[in-house]
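Accompanying notes for the structure given below.
When a residue number appears, it is its place in the shown sequence, counting from 1. Reckoned from all heavy atoms, side chains included, excluding hydrogens, waters and symmetry mates. Model, not experiment: these values are computed from the prediction.
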Amino acid sequence: MKLQLFFGLIPKLSAKGEHACTVVSLMKRMCSEADPEMYDASASEIDHCVVLDRSVDLVSPMMTQMTYEGVIDELIGSKPRDRIRNSCVEVDASVTASKGNKRGKTIISLNSSDHLYREIRDFHYRTLGSWLHKKTSEVRNRYDEVKSSSMVKSAQDTTIGQMKDVVKKLKVTSAEHNYLLTHT
């Protein structure tokens, strides 16, 4: 029902399996009993919904997720309440603690606002390690580049525009460094 509230009334519902048929009949009954203004039938983004019963699909529950996001969901979220919810996962502080706080829980946001996560969420877990190593080397090289630049060594001859560029590079590099700390 929530799916239909978000995406509009689904015009065609199909079911395969005894329990799936029950779910579809309940959905149809609830839609007929609900306020017609609740669902906008003209703005439906989903044309057809197929509901499968576990008795029909025996393989899916045994499938293993092979992406970074899937591995996080299966390893960190070993219990249903610990899984990724609302694009966040709660982990022990010791997992992400860089200095000091190693007790308690930390909530990590896993969404597109984290630029690194946006790039790696669909990576196969085997390719992720080498990619993160390469990214870490790039960030280290940028830090070294800023440290060894002539602007940092001789601030007297540096213009304000050049200083702004250095600060901007440092800000971007620092943000990437923090993202890498979270995901490595």
Side-chain angles (χ1 to χ4, degrees), residues 1-97 104-136 172 175-176 178-184:
M1 296 307 296
K2 286 184 181 180
L3 185 71
Q4 294 187 83
L5 285 172
F6 288 118
F7 297 104
L9 192 62
I10 301 171
K12 189 172 181 185
L13 298 169
S14 301
K16 185 72 174 175
E18 181 183 342
H19 297 294
C21 289
T22 304
V23 169
V24 167
S25 65
L26 284 171
M27 286 175 70
K28 288 179 180 178
R29 190 182 91 211
M30 289 175 78
C31 283
S32 67
E33 293 174 359
D35 184 15
E37 294 176 8
M38 226 168 123
Y39 304 104
D40 186 10
S42 63
S44 180
E45 295 181 36
I46 301 172
D47 297 328
H48 190 174
C49 177
V50 179
V51 181
L52 296 176
D53 196 337
R54 283 287 179 226
S55 64
V56 176
D57 181 20
L58 299 174
V59 177
S60 292
M62 293 183 276
M63 302 292 285
T64 302
Q65 300 184 55
M66 299 292 208
T67 63
Y68 178 62
E69 184 174 30
V71 170
I72 289 173
D73 193 36
E74 290 204 11
L75 293 181
I76 292 178
S78 57
K79 299 173 189 161
R81 62 179 165 75
D82 294 338
R83 292 193 177 267
I84 297 173
R85 288 179 302 191
N86 300 326
S87 300
C88 293
V89 67
E90 189 174 345
V91 297
D92 288 329
S94 62
V95 173
T96 59
K105 297 278 187 176
T106 300
I107 295 176
I108 299 174
S109 180
L110 299 173
N111 56 36
S112 296
S113 67
D114 179 339
H115 302 291
L116 183 66
Y117 183 72
R118 183 175 55 213
E119 284 185 62
I120 64 175
R121 75 186 311 166
D122 295 323
F123 274 28
H124 191 279
Y125 71 90
R126 287 188 182 158
T127 60
L128 184 63
S130 60
W131 190 90
L132 284 172
H133 178 71
K134 186 177 105 180
K135 194 71 166 176
T136 303
V172 169
E176 284 186 5
N178 289 335
Y179 292 141
L180 281 167
L181 285 175
T182 301
H183 296 287
T184 54

Practice task
Report the distance from atom CZ of Arg118 to atom OG of Ser113, rounding to the nearest 0.5 Å.
Solution key: 8.5 Å

Fill in the blank from the handout: Between Ser60 and Arg54, the two heavy atoms sitting closest are CB-NH1, 3.9 Å

Problem - More than 12 heavy atoms from other groups under 6.0 Å of NE2 on His133 - result: no

Practice task
Under the side chain to side chain donor-acceptor pair (under 3.5 Å) rule, collect the residues that match up with Arg29, sequence neighbours excluded.
Solution key: Glu33

Problem - Gap separating the CG atom of Leu52 from the CG atom of Asp57, nearest 0.5 angstrom - result: 6.0 Å

Handout entry: Which atom of Leu116 lies closest to which atom of Trp131, heavy atoms considered
Key = CD1-CZ3, 3.4 Å

Exercise for the section: Determine, step by step, whether Asn178 and Leu180 satisfy the side-chain contact (heavy atoms from CB on, under 4.5 Å) criterion, reporting the C-alpha distance in whole Å, the side-chain angles of both residues, the deciding distance to 0.1 Å, and the verdict. Expected result: CA-CA 5 Å; Asn178 289 335; Leu180 281 167; over 6 Å; no

Problem - Exercise: do Gln65 and Tyr125 side chains pair donor with acceptor under 3.5 Å - result: no

Handout entry: Stepwise side-chain contact (heavy atoms from CB on, under 4.5 Å) check, Glu119 with Lys135
Key = CA-CA 11 Å; Glu119 284 185 62; Lys135 194 71 166 176; 4.2 Å; yes

Fill in the blank from the handout: Interatomic distance, CD1@Ile120 vs CG@Leu132, rounded to 0.5 Å, equals 5.0 Å

Handout entry: Under 3.5 Å donor-acceptor, Ser130 side chain and Thr127 backbone
Key = yes

Handout entry: Under 3.5 Å donor-acceptor, Asp114 side chain and Tyr117 backbone
Key = yes

Listed pairs under 3.5 Å, donor-acceptor, residues 11-24 side chains, sequence neighbours left out:
from  : atom 1 : to    : atom 2 : distance (Å)
Ser14 : OG     : His48 : NE2    : 2.6
Thr22 : OG1    : Glu18 : O      : 3.2

